[in-house]
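Written out below as C-alpha cells is the structure these notes cover.
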Amino acid sequence: MPQSRRGELLQRPSRPGSMREQKPVARGPRVVHLEGPLTVKDLAVKMGLRAADVIKKLISLGVMAGINQEIDMETAAIAAQEMGYEVTQKQPEMTKEELLDADLLKEDPEETLRPRPPVVTVMGHVDHGKTSLLDAIRESNVAAREAGGITQHIGASVLDWKDRKVVFLDTPGHEAFTAMRARGAKVTDIAVLVVAADDGVMPQTIEALNHARDAKVPIVVAINKMDKPDAKPDRVKQQLTDKGLVPEEWGGDTVFVPVSARQGTGIDHLLDMILLVADLHGMKANPDRKATGTVIEAELDKGRGPVATVLVQNGTLRIGDHYVIGQAWGKVRAMVDDRGKPVKKAPPSMPVEVTGLSEVPGAGDVLQVVEDERTAKEVAEARRTRKRAGDMQMSSRMSLEDLASRVREGEIPELKIVVKADVQGSAEALKQAIDKLETSEVKTNIIHGGVGGITESDVMFAAASGAIVIGFNVRPDSNARRVAEDQKVDIRTYRIIYDAVDDIQSAMKGMLKPKMKETVLGRAEVRQLFKVPKVGNVAGCYVVEGKITRNSTIRVVRDGVVVCEAAIDSLKRFKDDVREVASGYECGISLEKFQDIKEADILEAFVMEEVPA
C-alpha cells in the first residue's frame with residue numbers, strides 16, 4: 001500500500017468498538033520563536049504554514065507585504081498571535097557600553113558600603129583667601145612646594161585629621177567647578193565658601209554660592225581674615241542670611257566658622273565641622289567593586305605621555321586594571337598619590353595620577369574599570385563614533401522657543417534664568433518682574449543675578465544648569481559669545497524690562513512668535529576722536545570683527561554696558577563716504593543725535609530682520 005494512502009487510513013476516525021480506536025494525544029500550545037526582523041516566508045516556515053495564509057493575515061492587519069519582504073518583530077509577533085501561536089522573542093543583547101553605563105547607575109547593597117573621606121572644594125571671591133586657607137589647612141605653602149619640586153602637584157590634597165582623611169580639591173575657585181558640572185560630573189561632597197570678614201559678600205561670593213546651591217552640595221561658610229581690625233563677622237552672617245544661608249546660632253542649618261588663614265586660628269574647628277557635615281550626610285562607597293572615578297585634571301606630559309588625575313569614587317583602582325575614560329582607554333601602569341609617592345591601589349575618595357592612556361581625556365570624564373583591553377578599546381571607539389554623530393547634530397539647550405514648544409506639548413518644565421543688568425536696581429526690578437510670572441504651566445527659577453556685562457563665567461554657569469541668560473542694558477563679550485555658541489546657550493538682551501517680561505510670558509504660554517530678529521554685523525573699537533565743524537564728534541575706529549554697514553544701527557557699549565543706540569550719520573574711509581567697512585580696516589563714524597563717544601568704546605553694528613512667525 002502506498003505510504004500516503006496508509007497515512008490517510010490511519011488518520012480516519014474509527015468506528016466505536018473497533019480495534020483501531022485510540023485515545024486522543026494531548027498537544028501543548030503551538031509556540032513560535034522569533035529573532036530579529038524576518039521575511040514573510042521565514043515567518044511562514046517557522047509556523048509551518050503556507051506563505052499565502054500569512055500574507056492574507058498581514059493584509060487583514062493593514063500590512064501590505066510580499067513573500068520576500070522583511071517585517072519587523074512587532075508585526076510578526078502580532079500576526080503569529082492572531083493565527084493562534086504563542087510567541088517567544090529573544091531580547092536584544094546589550095552592548096558593552098550599555099552594560100557599563102547600567103553598571104555605573106547600579107546602586108550597591110547597603111551591607112557592602114563603607115564610610116569614605118569627604119571631598120571638599122574651597123570656593124569664594126578672588127582675594128578672600130582661598131589659597132591661604134588651603135595652605136593653612138595643609139600647613140605648607142603650595143607655591144613653595146611646587147617651585148621646590150618636592151611633591152608632584154596633582155590637583156588634590158589628602159589631609160589626615162583625627163585618624164580620618166579629608167580630600168581637598170585644589171580647583172581655581174568656581175570656574176573649574178562649573179566646567180566640570182557642565183560635563184555632568186559630580187565630584188564635590190562639601191563646598192567651603194570663603195568670605196573675608198572685612199570685605200563681606202562680593203559678586204563672586206554670590207556666584208560661588210549659587211553654583212554650590214544649584215549642585216545641591218552642603219555649604220560650610222569660613223569667615224576668613226578675622227585677625228583684621230575691621231573684621232565684621234556679623235555683617236557677613238547678615239548678608240548671607242539675606243541670600244538664604246542662615247547660621248545655626250540664628251536658627252538656621254548652615255555652619256559658620258570664623259578663621260584666620262594668616263594666623264592659623266579656627267582651622268581645627270573648621271575641619272571638625274567638615275567631618276560633622278560629612279557624618280550627617282553619610283558619605284559611603286563600596287571598596288570591593290570595580291573602580292569608577294572622575295578626571296579632575298589631564299595633560300600631555302613630554303616624558304610620560306597622557307596623564308590624568310582621577311578621583312576614585314567607588315571601588316578600588318589597582319595597578320594592571322584595564323579602564324576606559326570617555327573616548328580614551330588604557331591600563332594602569334603606574335599611580336602616584338598627592339604626595340608624589342607610587343601606590344599600588346586607590347580606594348574610594350583617593351585622588352591619584354594615572355599614566356598609560358591612549359589619549360588625553362577631558363576634565364569631568366568618568367573612569368570605569370573593564371574586564372580586558374579589548375572591551376576598553378571597543379567601548380572607547382563606540383563613544384568616539386557617537387560623539388562624531390552628536391557633533392553633527394548637536395542638540396540645543398533650553399531656549400525660549402524650546403520652552404514654548406514644550407508648553408504646547410503639555411509638559412511642565414522649569415525655566416532657569418541667569419540675569420545680568422547695568423545697575424543693581426535694574427537687576428532687582430527684572431528679577432521681581434520675572435518672579436511674578438510663575439504659572440501652573442511653567443516654574444521660573446532665577447539661579448544667578450548680577451551687575452555688569454555678560455561674561456564667559458555667566459554662560460558656563462547657564463550651560464551647567466540648563467539656563468538661559470537675560471541681559472538688560474548689557475552685552476556679552478566676545479569670549480561669552482563664543483562659549484554660548486559652542487554650548488548652545490540662549491542669550492537674550494533687552495533695553496526695556498517689559499520686553500523681556502513679555503517674551504518670557506509669551507514663551508510660558510506657549511505663544512512665542514518672534515517677529516523681529518537682531519543680527520550683529522560687526523564691531524569697531526574707537527581709537528581716536530576728532531571734532532569736525534558742523535558735524536561734531538567723529539570716532540576714528542578700527543573694525544575688529546565682521547563689518548560696519550551704512551544702513552546698520554550702532555550700539556555704543558562701554559565696559560560691557562550699553563550707553564546708547566543710534567543710526568549712523570556718516571561712514572567714511574579717509575575722506576570718501578562708503579557703504580561698508582570690513583574687519584581689519586580703519587574708518588570714521590559719526591552718529592545721529594549722539595556726541596558722547598569716548599575712546600575705547602565698542603561700536604556694535606546690527607540690523608533688525610523680520611522673521612516669519
Side-chain angles (χ1 to χ4, degrees), residues 35-36 90-108 152 154-156 179-180 182-187 285-337 342-348 350-395 486:
E35 282 183 38
K90 186 180 179 184
Q91 294 300 319
E93 289 184 11
M94 292 175 78
T95 64
K96 288 180 180 177
E97 187 185 2
E98 285 170 338
L99 286 168
L100 264 188
D101 290 342
D103 190 50
L104 197 64
L105 296 171
K106 195 166 66 182
E107 290 190 8
D108 295 286
Q152 200 85 37
I154 70 163
M180 291 180 76
R183 298 179 65 91
K186 189 179 188 307
V187 292
N286 177 7
D288 302 319
R289 62 178 281 175
K290 285 179 187 168
T292 60
T294 300
V295 176
I296 301 167
E297 288 180 358
E299 62 176 0
L300 187 64
D301 186 277
K302 283 182 182 176
R304 297 176 295 163
V307 178
T309 299
V310 176
L311 180 74
V312 179
Q313 288 171 291
N314 220 346
T316 302
L317 188 62
R318 294 179 168 86
I319 296 285
D321 279 348
H322 292 280
Y323 59 87
V324 60
I325 306 181
Q327 298 166 58
W329 57 272
K331 180 181 178 181
V332 182
R333 305 204 183 284
M335 283 193 293
V336 175
D337 69 7
V343 288
K344 291 187 177 177
K345 61 180 184 178
M350 182 171 178
V352 283
E353 195 173 67
V354 178
T355 54
L357 280 149
S358 62
E359 60 182 77
V360 179
D365 279 351
V366 175
L367 173 142
Q368 283 175 280
V369 169
V370 294
E371 295 292 339
D372 49 36
E373 186 177 317
R374 185 179 169 185
T375 304
K377 280 184 179 177
E378 199 176 303
V379 173
E381 187 53 45
R383 286 177 177 172
R384 195 174 290 115
T385 306
R386 199 173 70 244
K387 169 90 165 51
R388 277 199 294 268
D391 285 347
M392 287 172 73
Q393 52 179 128
M394 187 176 175
S395 63
D486 291 345

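Count residues from 1 along the sequence. Atom set for the values below is all heavy atoms of this structure, side chains included, hydrogens, waters and symmetry mates excluded.
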Self-check item: Partner set under side chain to side chain contact (heavy atoms under 4.5 Å, CB included) for Ala346, not counting sequence neighbours
Solution: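 For Ala346 the side chain to side chain contact (heavy atoms under 4.5 Å, CB included) partners, ignoring immediate neighbours, are Val312, Leu317, Met335, Met350, Val352.
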
Quiz item: Mind checking what makes side chain to side chain contact (heavy atoms under 4.5 Å, CB included) contact with Ala308, not counting sequence neighbours?
Solution: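 Applying side chain to side chain contact (heavy atoms under 4.5 Å, CB included) to Ala308 gives Val295, Ala298, Val310, Leu357, Pro361.
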
Separation of [Y] [atom2] from [X] [atom1] (nearest 0.5 Å):
| X | Y | atom1 | atom2 | result |
| --- | --- | --- | --- | --- |
| Thr292 | Gln313 | OG1 | CD | 6.0 Å |
| Asp321 | Asp372 | CG | CG | 12.0 Å |
| Lys331 | Ile319 | NZ | CD1 | 10.0 Å |
| Thr375 | His322 | OG1 | NE2 | 9.5 Å |
| Ile296 | Glu353 | CD1 | CD | 11.0 Å |
| Asn314 | Leu367 | CG | CG | 12.0 Å |

Quiz item: Hey, does the side chain of Thr316 reach the backbone of Pro287 with a donor-acceptor pair shorter than 3.5 angstrom?
Solution: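 Yes: the side chain of Thr316 pairs with the backbone of Pro287.
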
Quiz item: Counting distance only, does the side-chain N/O of Arg383 pair as donor-acceptor with the main-chain N or O of Gln327 below 3.5 Å?
Solution: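 Looks like no, no N/O pair under 3.5 Å.
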
Quiz item: Is any NZ, NE, NH1 or NH2 atom of the basic residue among Glu381 and Lys377 found under 4.0 Å from an Asp or Glu carboxylate oxygen of the other?
Solution: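 Looking at Lys377 together with Glu381, the answer is no, because their closest N to O distance does not fall below 4.0 Å.
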
Self-check item: Residue pair Glu373, Trp329: steps toward the side chain to side chain contact (heavy atoms under 4.5 Å, CB included) verdict
Solution: CA-CA 8 Å; Glu373 186 177 317; Trp329 57 272; 3.8 Å; yes

Quiz item: Nearest heavy-atom pair of Thr355 and Tyr323: which atoms, and what distance?
Solution: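 Where Thr355 meets Tyr323 most closely, the heavy atoms are O-OH, 3.6 Å.
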
Quiz item: Can you list the steps and then say if Glu371 with Lys290 is a side chain to side chain contact (heavy atoms under 4.5 Å, CB included)?
Solution: CA-CA 9 Å; Glu371 295 292 339; Lys290 285 179 187 168; 2.4 Å; yes

Quiz item: Of all residues at least two apart in sequence or in a different chain, which pass the salt bridge (Lys or Arg N to Asp or Glu O under 4.0 Å) check with Lys345?
Solution: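 Expected list: none.
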
